[in-house]
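Beneath this line is the structure, given in structure tokens, with notes to follow.
First listed ligand is number 1; within each ligand, the first listed atom is number 1.
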Amino acid sequence: MQQKNYASQIHRCFRCGYCKFPTDYSSFNCPSYRRFRFDSYSTGGRLWLIYAWLKGEIEWSEHLAEILYACTTCKNCTEQCPMKFAPDIVDWIVGARSDMVEKGRIPPRVSRFFEAVYGYGNPLKLLRSDRGAWANGTKIYAPGDEYLLYVGCLGSYDENAQKMARSLVHVLETAGVSFGILGNDEECCGNEIYMLGEMGLFQHLVEKNSQKFKELGVRKIVTLSPHAYNTMKNNYPASGGNFEVYHYTQILNDLIKKNKIKSSQTKAKITYQDPCFLGRYNNIYDEPRQILQSIPGLKLVEMERNRRDAFCCGGGSGNFVTDLLAGSADSPARVRAREAYETGADTLAVACPSCLTMLTDAVKAENLDDKLAVKDISQILKELLSAK
Ligand code: SF4
Ligand code: SF4
């Protein structure tokens, strides 16, 4: 694993600081630096702290661990660092976290995240027997179905994300797609567990999920969340979990092109939040936009920071639960909510349950909830299908 090499390479960062910015240097684009404004919370500062810890120049402390875990693994630094090692930066951070996990030296919030996934199969510590309660009679996957719809922990348990899951189910059913869900038998995908550095638990989840999928004869998986999409597509194959994995925006965009989904007219003015695990991690920028642009009358307006320069909502790497960046008007989700509002849009569209929960809360905290709706793309489509 690339993470294991980090100790011999991390000194190569010379703290120039380019990784803090978007391409045009117009603002701060590392969410943890934007939140705290101390260099220790920037990429370079964080890497130097890790290096000092490795060399024994500084002692471990809970504060040091929190600085390490305040990184949302958004990959803005990977985009902006001019050095050849740029693609490895997040692996280095994950590698240092993995060493802290092995030594049992992690922040209590992160320990609780691991305990919840280990004991309950989700980080929210909610009952396994309630996992499928959102589904309201949605068909359970059976051999012969074309797709397994994997909804993930937020889609299963979070009230807002459940609405997103139900909307996607409605749109897929309307388009005549052959699919089923796992209901109570679904388990955490492990993306956040990987990013938080608990490699033993991650391996356990990959093997358990892959075995279940294989027993059921699953070949194609469509995920609600970009986080699940990322790990099933990019991490599972190394452990024998080879499936065709799609994010739902890819499937819906294809259905629209084949005229299997038609929307009615709208006057909505919409801006779109690129999820890090869809955009920077997997280069999926066009499909969500093409879905929105296919809707008659819809006006898409971009935020100043978009696509590769998009500003993370702050929820990545488990922060939608551990919340190490919360508690301030400088929290990434609140910064992003204001940026979305400044576009003049009436709706902030997302394509990720984590973005949905983070930005919905942020819009409320900014007292913008009567001016800016936060909706997932599947919800926007469902509303317009219903209006037909
Ligand atoms: S990670 Fe790259 S851009 Fe950031 S401080 Fe280090 S060398 Fe500079
Ligand atoms: S991955 Fe994102 S949050 Fe982490 S150091 Fe890089 S820019 Fe900052």
K75 neighbourhood, listing ligand 2 atoms whose heavy-atom distance to it stays under 4.0 Å
1 (S), 2 (Fe)
Closest to atom 8 (Fe) of ligand 1 among protein heavy atoms sits C16 SG, 2.3 Å
Starting from atom 6 (Fe) of ligand 1, what is the nearest protein heavy atom, named by residue and atom, and what distance separates them?
C13 SG, 2.4 Å
When F243 is tested against each of Y150, F213, Y147 for ring-ring contact (aromatic ring centres under 6.0 Å, His included), which residue passes?
F213
Salt-bridge criterion met for D254 and K260 (N-O under 4.0 Å):
no
Run the salt-bridge test on R289 and D274 with the 4.0 Å N-O cut-off and return the result as yes or no.
yes
I need the protein N, O or S atoms closer than 2.8 Å to atom 8 (Fe) of ligand 2, given as residue plus atom name.
C30 SG
N234 vs Y281, side chain to side chain donor-acceptor pair (under 3.5 Å): CA-CA, chis, key distance, verdict:
CA-CA 10 Å; N234 300 321; Y281 275 76; over 6 Å; no
Y229 and Y246 aromatic centres sub-6.0 Å:
no
Of all residues at least two apart in sequence or in a different chain, which pass the salt bridge (Lys or Arg N to Asp or Glu O under 4.0 Å) check with K139?
D145
Indicate if the distance from atom 8 (Fe) of ligand 1 to the nearest N, O or S atom of C81 falls below 2.8 Å.
no
May I ask you to decide if the ring planes of Y194 and F202 are parallel, tilted or perpendicular, using 30° and 60° as cut-offs?
perpendicular
What's the separation between atom CD in Q9 and atom CG in D91, rounded to the nearest 0.5 Å?
10.0 Å
Side chain, backbone, both or neither: which part of M83 comes within less than 4.0 Å of ligand 1 when only heavy atoms are counted?
side chain
